[in-house]
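First the structure, in the form of structure tokens, and then the observations on it.
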Protein chains: 2
Amino acid sequence: MKNLTIPAASEMTLTAVCAALGDPVRMKIARCLARSGEKNCSGFEVGHLSKSTLSHHIKILRESGLIQPRIQGKEHFYSLRKEELDRRFPGLVAMLLAEET
Amino acid sequence: MKNLTIPAASEMTLTAVCAALGDPVRMKIARCLARSGEKNCSGFEVGHLSKSTLSHHIKILRESGLIQPRIQGKEHFYSLRKEELDRRFPGLVAMLLAEET
DNA sequence: TCTTCAGTTCGATTTTTTTCGAAGTTTGAT
DNA sequence: ATCAAACTTCGAAAAAAATCGAACTGAAGA
């Protein structure tokens with residue numbers, strides 16, 4: 001089994017979270033998950049990217065503590081860790097949900 | 001006179017703000033300003049960096065909308081744009097002020 | 001005026017990040 | 001057992017960001 005690194009709420013750092021969200025691809029994924037609950041890789045509303053690149057971005061989001069996987073068979077469903085984020089960084093999820101003007 | 005780009009609250013983007021805060025040097029500067037009001041370059045509690053590098057980081061923070069300068073003689077005093085940030089990204093300033101554990 | 005101080009800008013180098021294709025892994029179906 | 005699907009990992013290449021020193025700028029003081 002894989003060793004999935006997911007920091008506890010108290011171990012997340014604002015710098016790592018910001019670095020994760022500072023890339024436009026990852027911001028799109030995070031916003032997509034904030035709105036839609038749970039999705040697998042093919043459901044992220046990001047333009048064409050190779051699957052290895054997408055996997056790389058997902059890893060950074062996961063290691064920052066923003067998202068968590070639920071592995072079901074061969075599919076990996078990802079979701080935003082809303083409870084942990086609300087506890088550690090109040091307001092962040094709302095920012096992701098806010099309209100981009 | 002210089003052409004200082006400072007976006008209005010409505011023109012700030014979360015991606016740019018996160019990209020700015022995703023670098024550890026800039027995060028330190030932002031946290032320093034969040035706690036202490038106004039400071040000039042020599043007051044930022046960041047380790048040794050050349051002044052050109054520091055200037056580069058300040059530019060990114062300014063262009064993202066996080067900080068604003070007040071130029072007085074030959075000194076440039078910077079401050080966090082707390083009101084604009086509270087309006088556009090509620091909770092963000094509190095995150096910067098929170099203890100880093 | 002000449003010099004210094006506090007920065008910014010420029011140009012180059014180093015480091016990091018993003019990206020890809022190919023190969024590997026795990027699961028489920030045939 | 002074999003195969004395909006849905007990923008991840010690896011290694012390399014390209015793109016972007018961080019860093020520095022040198023040169024420049026604008027304000028204040030001698």
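So you know, we letter chains A, B, ... as the sequences are listed, proteins then strands, and number each from 1. For the numbers below, each heavy atom of this structure counts, side chains included, while hydrogens, waters and symmetry mates do not. None of these values were measured; they are calculated from a predicted model.
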- Item | Nearest-Å distance for atom pair NE2/P, residues A/H76 and C/dG28 | 11 Å
- Would you mind classifying the nucleic acid contact of B/I58 as base, sugar-phosphate or nothing, using non-hydrogen atoms under 4.0 angstrom? nothing
- Item | Qualifying salt bridge (charged side-chain N to carboxylate O under 4.0 Å, His left out) pairs, either residue in residues 15-33 of chain A, two or more places apart | A/R31-A/E100
- Query: NA contact type, A/F77, heavy-atom cut-off 4.0 Å: base, sugar-phosphate, or nothing?
  - Reply: nothing
- Message: On DNA chain C, does the nearest nucleotide to B/N40 precede the nearest nucleotide to A/I60 from the 5' side, or the other way round? Give the residue.
- Response: B/N40
- Query: Within this structure, what is the CG-to-C1' distance between A/D23 and D/dA16, rounded to whole angstrom?
  - Reply: 11 Å
- With respect to the phosphate group of C/dT19, does any side-chain polar atom (N or O) of A/H57 fall under 4.0 Å of OP1 or OP2? yes
- Message: Using whole Å, what does the distance between atom C1' of nucleotide D/dC7 and atom CZ of A/R62 come to?
- Response: 12 Å
- Task: Report yes if a side-chain nitrogen or oxygen of A/S55 is closer than 4.0 Å to either non-bridging phosphate oxygen (OP1 or OP2) of D/dT8; otherwise report no.
- Result: yes
- Hey, does B/H56 reach any base, or is it just sugar-phosphate, or nothing, if we go heavy atoms under 4.0 Å? base
- Message: Please evaluate residues A/M27 and A/L96 with respect to the criterion side-chain contact (heavy atoms from CB on, under 4.5 Å), reporting the C-alpha separation (whole Å), side-chain torsions for both, the decisive distance (0.1 Å), and the verdict.
- Response: CA-CA 8 Å; A/M27 178 60 84; A/L96 293 173; 3.7 Å; yes
- Message: What's B/L54 touching, base or sugar-phosphate or nothing? Going by heavy atoms closer than 4.0 Å.
- Response: nothing
- Rounded to the nearest Å, what distance is computed from the NE2 atom of residue B/H48 to the P atom of nucleotide D/dA18? 17 Å
- Value in whole Å for how far the C1' atom of D/dA6 lies from OH of A/Y78: 10 Å
- Does a donor on one side chain and an acceptor on the other come within less than 3.5 Å for B/T13 and B/T15? no
- Return the value, rounded to whole Å, for the distance between atom NZ of A/K59 and atom P of C/dT18. 13 Å
- Item | Whole angstrom value for the distance that separates C1' of C/dT8 from CD1 of B/I71 | 10 Å
- Backbone of B/M12 reached by a side-chain donor or acceptor of B/R88 within 3.5 Å: yes
- Hey, which sits more toward the 5' end of DNA chain C by its nearest nucleotide, A/K51 or A/G73? A/K51
- Message: Please determine whether side-chain contact (heavy atoms from CB on, under 4.5 Å) holds for the pair B/R81 and B/I6, giving the CA-CA distance in whole Å, both sets of side-chain angles, and the decisive distance to 0.1 Å.
- Response: CA-CA 10 Å; B/R81 295 175 73 208; B/I6 307 173; 3.4 Å; yes
- What about B/S52, does its side chain sit under 3.5 Å from the base of D/dG21 through a donor-acceptor pair? yes
- Does A/T53 have a side-chain nitrogen or oxygen under 4.0 Å from the phosphate oxygens OP1 or OP2 of C/dT19? no
- Message: Tell me whether the side-chain N or O atoms of A/K74 pair up with the base of C/dG28 as donor and acceptor below 3.5 Å, since no angle test is needed here.
- Response: no
- Message: Just the rounded figure in Å: distance from P of C/dT15 to CG of B/L49.
- Response: 15 Å
